Amino acid sequence: MARQITIPEHITVGTLAEKLDLPVVKLVGELMKNGIMMTVNEKIDVDTANIIISELDLEVELVAEEAKDEPKITKVISTDKDATARPPVVAVMGHVDHGKTSLLDAIRTSDTAAKEAGGITQHISAYQITHGDRKLTFLDTPGHEAFSALREHGALLTDVAVIVIAADDGIKPQTVEAIRFARKANAKIVVAVNKMDKEGANIDRIKQQLSEHDLLIEEWGGDIVVVPVSAKTKAGIPELLDMILLVSDVEELKANAKAPARGLIIESHMETGRGAVAVALVQEGTLEANDFIVVGSTYAKVRNLETTDARAIKTAGPSTPVQIIGFKAMPEFGDEFYVVKNEKEARSLAATAAHGKSSSSQSGMTSSELLRIISRKTSVTEFNVLIKADVQGSLTSVADSLKSLDTDEVATRIVGSGVGNITENDILMAQTTDAIIYGFHMSLSSDMKQLAHRHNVDIRMFNIIYELIDDVRAELGSRLGPEVIDTPAGRLVIKGIFRTTKDEVICGGEVTKGKLVFPALANHLRNDELLETVEIVSLKRGPQDTKEVEKGEMCGMSYKPSDKPDIEEGDHFEFFTREVKERTL
Ligand code: GDP
């Protein structure tokens, strides 16, 4: 009898392999054979797992353990009577090169506290500044895809979206897309028309373009606020901050600073000597150093609580971005954190989440989905990729963006993904799965370059998300079959057969429908049944070659039979022309 193993209802591929004493690669391989491309960290459900292991002849049966209820996390739209005003959370988005990074830096340097601490040193995914006596929190989004990823994780993080448009360049499709994202997320929109210092800067043209995209500006009766700025000269930055505060005040943003602290992980990475470091946004309550927090299936004693530029702090209230050190394992981007009483509770809740239905269980598949995917496999051409990125946020962005490129015919399959540099394991995985490795925001060591070369593995490195996505789009496009357009031309009914060899059939008949053309292909039918599709070699009216024969006329033709010649009087040839077009995604 099969041995029973109890597992959580959704389990990561890695943990399952461990429980089954199987090499992960073997399990991933078996999943692939069944048309399921999954990475070590993705979760599958018990039904799917059972189907897969039955094919491995393991004599094991997996049984789902009962899931316990987890504490529910809700969004921070506080109706709490103890709620007090909180700073707005602002995301800056826009077309590449329009000055998103420069603007974020300019805003950060406008903050006195940051200057005192040594000014801008490195890229920061979130920070808080003081403007007058008010605080504002800024988020950098690695491409607006991250914004939608955050939204997908159920977080209404952003109160105000600042859309950056370069005054000398104008609205681009990505600008419109960013506005669409912001609207969907219910964020207030402030347009920062940047690079006003440049010659050719024309704010009226931008206002006009906005209205052409149904984005009516405030002075023309709409709801879009436009502020001219220059990240270079810093002109307009104080006005921009005033305006952000003004539009967010309409929302009366509040949170209860005394409630148990909770919030969202917005970035995580490993640091030598400090272990797993997470950047999180406190949404409610006040997080304190030495608190115990649970995030998905991991937990931390907040050993160090810091601002995002690594200054130690003791407490962090609502809307404060913080750096947290003390995690047992790296928390996932988009996951919620919440404070618990003590380590024991933290450990047990994290363990329950690891075994039970965690918030990210969407990646688990039911057996019916599994069957669908197996059958879908026959029609979908898959493009295998392995993605490595510098931080979890970028990784999620890239993965989410790639998913959105899938069509019914071609799809990207992420066979592996992770944070950190490309390793030997990645290269071997890419080789077995015939995948291309994409590296985002990192360098490639010469050892790995050589190893990849030896194993014939293609590694492509990118620093700009759009360029990476365009590359994948081109790869997917090249896997699309060409578009075939068949246009019917006319019908010939065979009245005489003159010569049949295995290479050529010469026959004649009458056009009973439409107009025959040459060159053409034809479907050869007998009693409406399709016998073959052939290429017409010649078309003749009398002894003369012709390009057209009208309905009612007699004509001769020859064609190349597809197999042994099989033709009878009374057979039909439905002529058609075929056009083949290249397709792009
Ligand atoms: P991002 O891709 O949107 O983050 O854009 P960056 O902040 O990297 O800026 C793109 C380019 O525009 C850089 O060369 C910046 O120096 C330049 N830039 C950004 N803001 C301004 C501005 O206000 N005035 C001028 N003249 N150049 C700017």
Side-chain angles (χ1 to χ4, degrees), residues 90-111 114 119-127 129 137-150 158 160-182 187 189-207 209-210 225-244 266-267 279 308-309 389-391 393-394 397-398 401 440-442 461-471:
V90 187
V92 179
M93 303 189 288
H95 190 75
V96 65
D97 273 351
H98 278 196
K100 188 168 74 84
T101 316
S102 309
L103 192 62
L104 275 163
D105 286 351
I107 293 170
R108 208 167 135 214
T109 41
S110 76
D111 181 36
I120 307 301
T121 45
Q122 65 188 78
H123 166 84
I124 275 188
S125 55
Y127 62 77
I129 60 153
T137 298
F138 282 86
L139 297 181
D140 183 14
T141 52
H144 55 243
E145 289 80 6
F147 195 61
S148 78
L150 281 173
T158 310
V160 181
V162 171
I163 311 284
V164 185
I165 306 177
D168 60 340
D169 200 20
I171 292 196
K172 297 274 154 194
Q174 277 160 14
T175 320
V176 179
E177 216 178 344
I179 296 176
R180 196 165 50 80
F181 275 126
I189 295 174
V190 174
V191 172
V193 178
N194 189 31
K195 308 198 189 182
M196 284 305 288
D197 59 286
K198 277 186 118 173
E199 237 175 86
N202 184 347
I203 194 160
D204 288 329
R205 190 170 61 103
I206 310 277
K207 290 178 179 171
Q209 286 182 339
L210 282 166
V225 181
V226 178
V227 186
V229 297
S230 165
K232 191 176 169 191
T233 67
K234 307 220 168 53
I237 304 284
E239 289 79 5
L240 175 65
L241 298 176
D242 286 342
M243 200 46 92
I244 295 169
I266 52 183
E267 193 193 302
V279 177
T308 48
D309 53 358
D390 55 341
V391 290
S394 314
S397 283
V398 172
S401 308
F440 185 65
H441 254 287
M442 62 178 58
M461 311 293 282
F462 290 89
N463 283 320
I464 297 177
I465 195 164
Y466 305 115
E467 290 178 2
L468 192 160
I469 293 161
D470 280 348
D471 192 82

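Order of listing sets the numbers, starting from 1, for every ligand and every atom in it. Computed from a prediction, not measured in an experiment: that's the story for all the values here.
Taken to the nearest 0.5 Å, the CG atom of Asp97 stands 6.0 Å off from the NZ atom of Lys195.
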Dump the intermediate steps for side chain to side chain donor-acceptor pair (under 3.5 Å) on His98 and Asp169, then the final yes or no. CA-CA 8 Å; His98 278 196; Asp169 200 20; 2.9 Å; yes
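In summary, the atoms of ligand 1 found under 4.0 Å from a heavy atom of His95, numbered by their order in the structure, are 3 (O). Contact atoms of ligand 1 toward Lys198: 26 (N) (distance under 4.0 Å to a heavy atom of the residue).
Thr158 contributes no side-chain N or O that, together with a main-chain N or O of Ala161, makes up a donor-acceptor pair within less than 3.5 Å. Judged by distance alone, the side chain of Asn194 and the main-chain N or O of Ala231 form a donor-acceptor pair under 3.5 Å. Panel note: side chain Tyr127, backbone Leu104; a donor-acceptor pair is recorded below 3.5 Å.
Here the heavy atom of the protein found nearest to atom 23 (O) of ligand 1 is Ala231 N, 2.9 Å. Ranking protein heavy atoms by distance to atom 16 (O) of ligand 1, first place goes to Ser102 OG, 4.4 Å. From the protein, the heavy atom lying nearest to atom 3 (O) of ligand 1 is Lys100 N, 2.7 Å.
For atom 5 (O) of ligand 1, a protein heavy-atom neighbour is found at a distance under 4.0 Å.
Scanning both residues, Lys234 and Thr109, for their nearest heavy atoms gives CE-OG1, 3.3 Å. In this structure, Lys100 and Gly94 approach most closely via the heavy-atom pair CD-N, 4.1 Å. For Ile206 against Gly170, the heavy-atom pair with the smallest separation is CD1-CA, 3.6 Å.
Taking all heavy atoms of Val229, Asp97, Asn194, Leu103 into account, the minimum distance to atom 2 (O) of ligand 1 is reached by Asp97. If you check each of Leu104, Val193, Asp197, Val164 against atom 22 (C) of ligand 1, the one with the closest non-hydrogen atom is Asp197. Heavy-atom proximity to atom 12 (O) of ligand 1, evaluated over Glu199, Lys195, Lys234, is greatest for Lys195.
Residue His98 touches ligand 1 through its backbone alone, judged by heavy-atom distances below 4.0 Å.
For the pair Met196 and ligand 1, the shortest N or O to N or O distance does not fall below 3.5 Å.
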